[in-house]
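The structure appears right after this line, and notes come after that.
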Amino acid sequence: MTAFWTEADFDDHEFVHVVRDRVSGLTAIIAVHSTHLGPGAGGTRFWHYPNPKDGLRDALRLSRGMSYKNAMAGLPMGGGKAVILADEARTKTPELLAAFGDAVEGLGGRYVTAEDVGMSEADMVTLSGRTSHVSGLPVSGEDSAGGDPGPFTSYGIYLGIKAAVKHRLGTDNMKGVHVAVQGTGSVGGGVARLLAKDGARLTLADIHADGVRALAEELGAQVVAPDAILTTKCDVLSPNALGAILDDESIARLDAQIVAGGANNQLARSNHGKALFDHGTLYAPDYVINAGGIISVATEYLAGREGRHASRDEVNALIEQIPARLESIWQASAADNVSPDVEADRMAQALIGRG
Ligand code: NAD
């Protein structure tokens with residue numbers, strides 16, 4: 001692996017820690033972009049990368065995204081992200097998780113972890129046996145915040161989609177508004193369920209054909225093949241699978257008024273925000289709209305450090321600020337004639353002292 005600071009995605013990250021444990025087979029990358037506002041917080045991704053460089057690239061991009069996300073969510077947290085480089089069979093053993101937990105603990109609280117793709121609440125419990133710098137643990141009471149951040153992320157995205165529909169289509173009523181959801185896992189599935197309650201028209205796609213068909217049946221939604229969802233004619237495209245899906249080719253073929261979803265780093269490259277803007281599509285910057293999970297995780301972690309439990313109301317009140325934040329970005333974008341992602345980055349950079 002070449003020096004990480006020569007990578008195109010390196011952005012003055014404070015540190016990048018490579019963890020190898022021969023006994024358990026663990027290889028992980030922990031990247032902390034900024035601790036300007038507080039400890040670098042962000043989930044751990046468990047994924048098989050045929051080329052480990054792609055794992056490093058994800059850690060660098062995602063940790064910077066977390067700095068921006070946490071700042072824009074109003075949290076006293078910096079940005080970090082960990083990637084566990086899974087083998088092809090995605091073998092996840094207690095020993096491997098224990099070694100990873102030890103590595104997080106060894107950073108002394110400069111990095112705080114939680115769930116991301118491929119990591120569950122149960123995995124967080126395993127990690128908590130080795131480190132106190134973990135969040136997203138099971139809730140102790142119905143009213144307590146915490147646990148799987150997925151539903152909180154879904155709630156924020158749902159509110160953000162409604163804000164985008166109001167901004168672009170001029171209506172508060174989601175009945176019949178056509179939303180195409182890419183990825184119906186923890187986040188996308190939750191978004192689809194919330195939208196279905198409002199009577200939105202849903203088209204769903206996921207590479208897990210059985211799961212998406214069952215959800216579609218439950219919600220009265222349509223299903224299209226994974227390679228057809230990005231070109232589905234709709235009001236809102238909601239990407240909730242993996243990143244880098246908006247590139248020259250997909251934007252040219254996009255037939256949506258709005259792109260608003262939870263996947264991290266949806267823009268393949270930074271110029272694709274302008275490409276979307278020029279295409280006439282309203283974009284909800286991913287790290288602003290998908291902050292619900294980190295708001296829950298951070299609020300749970302910070303309350304725990306004070307020896308108390310945060311309540312769901314406390315978390316939801318913070319998540320309910322997402323629509324206003326998006327609206328201020330869209331207004332600034334229109335006033336300055338720059339794309340919303342650039343406007344959001346400017347706001348975030350000012351907050352983390354890099355403006
Ligand atoms: P998940 O693993 O539960 O769901 C992802 C889903 O996407 C899976 O069902 C998978 O089959 C599907 N998928 C993968 N490739 C696909 C493709 N090409 N086409 C269609 N479907 C595809 O993960 P999640 O927790 O729901 O996270 C989804 C996205 O949201 C990720 O980018 C994640 O980083 C981001 N995110 C998650 C959270 C959270 O709280 N879980 C918070 C912020 C951002």
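Atoms within each ligand, like the ligands themselves, are counted from 1 in listed order. In this chain, numbering begins with 1 at the start of the sequence shown.
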Closest by any non-hydrogen atom to atom 42 (C) of ligand 1: pick that one out of Val117, Thr153, Asp58.
-> Thr153
Looking at atom 26 (O) of ligand 1, what's its closest protein heavy atom, distance included?
-> Val187 N, 2.8 Å
Would you mind listing which atoms of ligand 1 come within a distance below 4.0 Å of any non-hydrogen atom of Lys69?
-> 43 (C)
Between Ser154 (side chain) and Val187 (backbone), is there a donor-acceptor pair under 3.5 Å?
-> yes
Say whether Met119 and Val117 are linked into one hydrophobic cluster, either directly or through other cluster members, by side-chain heavy-atom distances under 4.5 angstrom.
-> no
Give a yes or no on whether Phe46 and Leu62 share a hydrophobic cluster (residues Ile, Leu, Val, Met, Phe, Trp, Tyr; joining criterion: side-chain heavy atoms under 4.5 Å apart).
-> no
For atom 4 (O) of ligand 1, find the nearest protein heavy atom and state the residue, atom name and distance (0.1 Å precision).
-> Gly185 CA, 3.3 Å
Quick one: look up the protein heavy atom nearest atom 22 (C) of ligand 1 and list residue, atom name and how far away it is.
-> Ala241 CB, 3.5 Å
Does atom CZ of Arg308 have more than 12 heavy-atom neighbours from other groups under 6.0 Å away?
-> yes
Using a strict 4.0 Å cut-off to heavy atoms of His208, name the atoms of ligand 1 that fall inside it.
-> 11 (O)
If you have a sec, work out which protein heavy atom is nearest atom 44 (C) of ligand 1 and how many Å separate them, to one decimal?
-> Gly262 O, 3.3 Å
Do other residues, nucleotides or ligands put more than 12 heavy atoms under 6.0 Å from His279 NE2?
-> yes
Relative to the heavy atoms of Arg45, which atoms of ligand 1 are at a distance of less than 4.0 Å?
-> 32 (O), 33 (C), 34 (O)
Residue among Thr44, Thr27, Thr126, Asp123 satisfying side chain to side chain contact (heavy atoms under 4.5 Å, CB included) with Phe100 = Thr44
Provide the number and element of each atom of ligand 1 under 4.0 Å from a heavy atom of Pro149.
-> 40 (O)
Sub-4.0 Å heavy-atom approach of Gly243 to ligand 1 = no
Under 4.0 angstrom from ligand 1, any heavy atom of Gln266?
-> no
After noting the C-alpha distance and the side-chain angles of Asn265 and Asp286, does the key distance pass the side chain to side chain donor-acceptor pair (under 3.5 Å) rule?
-> CA-CA 7 Å; Asn265 294 325; Asp286 44 22; over 6 Å; no
Got a donor-acceptor contact below 3.5 angstrom from the Gln266 side chain to the Gly261 backbone?
-> yes
Could you find the nearest protein heavy atom to atom 28 (C) of ligand 1 and give me its residue, atom name and distance?
-> Asn240 O, 3.3 Å
Check: Thr184 N/O within less than 3.5 Å of ligand 1 N/O = no
Same cluster or not: are Leu85 and Leu26 linked, directly or through other Ile, Leu, Val, Met, Phe, Trp or Tyr residues, by side-chain heavy atoms under 4.5 angstrom apart?
-> no
Glu115 near ligand 1, heavy-atom distance under 4.0 Å?
-> no
Return yes if some donor-acceptor pair links the side-chain N/O of Trp330 with the main-chain N/O of Tyr283 below 3.5 Å, else return no.
-> yes
A student checking ligand 1 against Asp116 at a 4.0 Å heavy-atom cut-off should list atoms 33 (C), 34 (O)
The protein heavy atom nearest to atom 1 (P) of ligand 1 is Ser186 N, 4.0 Å
In terms of hydrophobic clustering (I, L, V, M, F, W, Y; side-chain heavy atoms under 4.5 Å; direct or indirect links), are Leu246 and Ile329 co-clustered?
-> no
Can you sort out which atoms of ligand 1 are near Gly183, meaning under 4.0 Å from one of its heavy atoms?
-> 7 (O), 21 (N)
Give, for atom CG of Asp21 and atom CG of Asp102, the distance between the pair rounded to the nearest 0.5 Å.
-> 8.5 Å
Report the member of Asp286, Asn265, Asp206 with the shortest heavy-atom distance to atom 8 (C) of ligand 1.
-> Asp206
In terms of residue, atom name and distance, what is the protein heavy atom nearest to atom 18 (N) of ligand 1?
-> Ile207 CG2, 4.0 Å
